Colleague: 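Let me give you the structure first, and then I'll get to my questions.
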There are 2 protein chains.
Amino acid sequence: MVTLKQLAKELNVSISTVSKALNNSEEIGEETVKRVKELAELYNYKPNKVALSLKQNKTKTIGVIIPDILNHFLAKVLFGIEREAANHGYNIITCISNESLEKEKESLQLLANGSVDGFILCVAQETQMKNEVQHFKSTIKKGLPIVMFDRVAHDVLCDKVIVDDFESTYNATKSLLEEGRKQIAFISNIDDLSVGKLRERGYAKAILENPELKVLALRMGRYDDHQKKIRTFFEENKGIDGVVAADSASGVIAINMAASLGFKVPEDVSVIGFSSKSVSNHSIPRLTTIRQHAKDIGANAAQLLINRLQNNLGEDDVKTKIVKTSLIRSGSTL
Amino acid sequence: MVTLKQLAKELNVSISTVSKALNNSEEIGEETVKRVKELAELYNYKPNKVALSLKQNKTKTIGVIIPDILNHFLAKVLFGIEREAANHGYNIITCISNESLEKEKESLQLLANGSVDGFILCVAQETQMKNEVQHFKSTIKKGLPIVMFDRVAHDVLCDKVIVDDFESTYNATKSLLEEGRKQIAFISNIDDLSVGKLRERGYAKAILENPELKVLALRMGRYDDHQKKIRTFFEENKGIDGVVAADSASGVIAINMAASLGFKVPEDVSVIGFSSKSVSNHSIPRLTTIRQHAKDIGANAAQLLINRLQNNLGEDDVKTKIVKTSLIRSGSTL
DNA sequence: ATGAAAGCGCTAACAA
DNA sequence: TTGTTAGCGCTTTCAT
């Protein structure tokens with residue numbers, strides 16, 4: 001890597017002259033500016049990022065901590081973050097907490113040593129369970145702002161981007177009720193997460209508004225055999241004519257399983273799930289989905305953070321942004 | 001962030017004493033070391049990463065450039081890279097090229113200014129099509145090693161991690177032939193990629209070893225309606241009794257579509273596809289898959305790079321590592 | 001118009 | 001055993 005020093009030497013001027021010339025300072029003579037720029041161009045000079053960071057005490061880098069990159073929703077949010085960040089000249093350093101509180105703490109610690117200007121994160125499952133927030137608070141106190149998305153810690157004062165999980169599931173369930181469905185089941189493999197709970201509550205609310213109906217939920221563990229559980233569930237609850245799925249896989253599996261058990265979708269059973277375009281393609285008919293606009297969530301989170309970094313917002317002047325979902329009707333509903 | 005300077009001041013010793021004490025230098029008195037460490041602990045002192053990077057001229061950071069993070073295979077490789085890197089004390093900066101040559105060049109440029117010690121990347125589709133490699137070569141010449149995985153540029157001398165695509169598809173096709181299948185089709189939505197081409201060639205080789213059989217390939221564009229294309233394909237080629245799918249979605253869709261068209265899987269049609277555990281769950285029966293061990297690919301790539309960085313390997317002393325696939329038999333084959 | 005010098009936080013050779 | 005100093009690459013204030 002060529003440095004200012006080398007350019008200066010070759011041009012027989014001082015380092016500061018070169019620096020100023022490259023930064024279009026008014027102080028430097030036109031002729032000199034030209035010579036400097038030409039040589040810099042020739043050598044493809046780029047200012048050393050690390051030196052700049054040290055000098056200016058900011059890195060133009062955002063730390064992103066996500067629990068699971070194999071989760072398509074989270075990957076998509078990451079995509080949104082990356083794009084928005086890149087558009088503003090920020091890089092992202094990605095850490096994966098693997099749903100572990102320990103790893104989350106560690107990543108926060110590790111990057112809080114000057115590597116990044118702030119964080120965007122989705123709280124790990126273990127952290128939510130244990131309701132630990134101290135590490136978030138102390139990071140913020142160090143002057144490193146945090147933006148949380150999707151799964152957030154309510155006790156922490158910071159910017160947040162969330163989905164209207166409760167409302168979306170409520171509305172989705174209502175739309176099945178409007179089709180005339182009477183036995184609508186709720187299927188989830190994420191009932192350990194705050195968003196999973198919210199979704200179930202939204203479903204339950206819609207159901208319980210009709211005194212003659214009852215809730216019927218299948219809660220599966222992450223590592224259960226989801227196909228088997230869903231098949232058994234269908235077999236043990238014969239009259240199911242509607243399904244609301246809380247995660248991206250369950251809806252697709254429910255449709256294919258229903259078909260395989262001889263039900264017609266959507267004539268006999270309607271299915272709605274949280275999913276993305278590509279995954280909703282994996283069932284026949286295609287899954288009617290609640291789109292969370294993951295990219296927008298990411299973009300919003302990045303905007304909030306960058307705005308905070310560039311305008312030095314106060315620690316308690318925080319925003320919570322709600323990104324609305326859309327119901328994309330497809331073949332699995334009437 | 002507390003600095004050495006502040007600690008030194010408070011302890012009434014020099015900065016270098018503090019530095020040495022914290023680095024367990026033999027030079028410093030036991031008593032002093034103790035005092036220093038206690039105060040550092042109290043203030044939760046962490047050496048500033050940026051200053052260290054500048055001083056030592058290395059960042060302990062790896063630049064990862066991937067074409068598409070929504071591709072499950074690539075996300076999984078990223079996961080493998082991150083974990084292996086973290087285990088060795090490296091961070092990763094992730095850039096997404098979006099399959100664009102321009103963005104790939106840009107990312108390489110942007111990070112080659114001291115932000116990272118080296119790169120792990122998967123060549124963008126556009127780059128492969130135009131067969132551009134200059135940006136890779138010049139990055140390497142700058143002293144920043146590159147490790148390529150999956151889609152690689154053969155003309156660039158660097159470490160590589162690849163899958164035995166040709167052989168895997170050849171073997172998969174053979175295994176269908178051994179089931180007695182006579183009309184085995186190949187379905188792909190990635191025939192624009194080097195790996196897509198290799199997979200088709202592996203399939204074709206196995207077929208053409210039997211003079212009485214012919215190849216039958218469905219090549220779809222990325223943004224085609226894959227369900228529709230596959231349905232039409234089945235309808236126009238009545239006798240298909242086996243499918244080899246080159247990408248992760250096509251196999252799943254083929255199974256579900258076959259079922260929906262009234263075929264029994266695997267009795268009437270056997271299907272094998274490249275996929276991951278979670279996606280193979282999306283069809284009933286489950287897809288028999290060629291597992292690429294994406295995490296291992298990532299881990300291997302990270303190892304190669306870190307090894308090179310730490311041992312200063314010569315530019316032409318390069319390795320190509322082939323990660324073998326495994327055929328995971330499931331319900332979609334006999 | 002140009003240059004010298006300080007300083008960001010740290011390490012390490014050298015001096016005391 | 002401890003401290004002084006230089007230097008990593010850069011910007012910027014203050015001379016010249």
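These values consider heavy atoms only, across backbone and side chains, with no hydrogens, waters or symmetry-generated copies. Keep in mind that what you see is a predicted model, and the values were worked out from it rather than measured.
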Colleague: Could you list the residues that satisfy side chain to side chain donor-acceptor pair (under 3.5 Å) with A:Asn44, not counting sequence neighbours?
Modeller: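 Expected list: A:Lys46.
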Colleague: Can a donor-acceptor pair be found between the side chains of A:Lys37 and A:Asn24 at a distance below 3.5 Å?
Modeller: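 Yes - a donor-acceptor pair under 3.5 Å links their side chains.
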Colleague: Between D:dT11 atom P and A:Lys49 atom NZ, what is the distance in whole Å?
Modeller: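 To the nearest whole Å, that distance equals 14 Å.
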Colleague: Is the closest basic N to carboxylate O distance between B:Glu99 and B:Arg151 below 4.0 Å?
Modeller: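 B:Arg151 and B:Glu99: salt-bridged.
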Colleague: Starting at the 5' end of nucleotides 9-16 of chain C, put B wherever the base has a protein heavy atom under 4.0 Å, S where only the sugar-phosphate does, and a dash everywhere else.
Modeller: BBBBBB--
Colleague: When you check the phosphate oxygens OP1 and OP2 of C:dT2, does a side-chain N or O of A:Thr17 lie under 4.0 Å from one of them?
Modeller: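 A:Thr17 to C:dT2 OP1/OP2: no side-chain N or O under 4.0 Å.
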Colleague: Once you round it to whole Å, what is the distance between C1' of C:dA1 and NZ of A:Lys34?
Modeller: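 Answer to the nearest Å: 18 Å.
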Colleague: Which is true for B:Val13 with a 4.0 Å heavy-atom rule: it touches a base, it touches only sugar-phosphate, or it touches nothing?
Modeller: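 Sugar-phosphate contact only - B:Val13 comes under 4.0 Å of backbone atoms but never of a base.
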Colleague: When you compare the side chains of A:Thr127 and A:Glu132, does any donor N or O come within less than 3.5 Å of an acceptor on the partner?
Modeller: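 Result is no, nothing qualifies.
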Colleague: Can you see whether A:Tyr90 engages A:Glu84 through a side-chain donor-acceptor pair at a distance of less than 3.5 angstrom?
Modeller: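 Looking only at side-chain atoms, A:Glu84 and A:Tyr90 do not form any donor-acceptor pair under 3.5 Å.
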Colleague: To the nearest Å, give me how far apart CD1 (A:Ile28) and C1' (D:dT16) are.
Modeller: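 Between C1' of D:dT16 and CD1 of A:Ile28: 14 Å.
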Colleague: Describe the nucleic acid contact of A:Ser53 in one word from base, sugar-phosphate, nothing, applying a heavy-atom distance below 4.0 Å.
Modeller: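 Counting heavy atoms under 4.0 Å across all strands, no contact is made by A:Ser53.
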Colleague: Just by distance, no angles: are the side chains of B:Ser14 and B:Thr17 close enough, under 3.5 Å, to form a donor-acceptor pair?
Modeller: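 The criterion, which ignores hydrogens and geometry beyond distance, is satisfied for B:Thr17 and B:Ser14.
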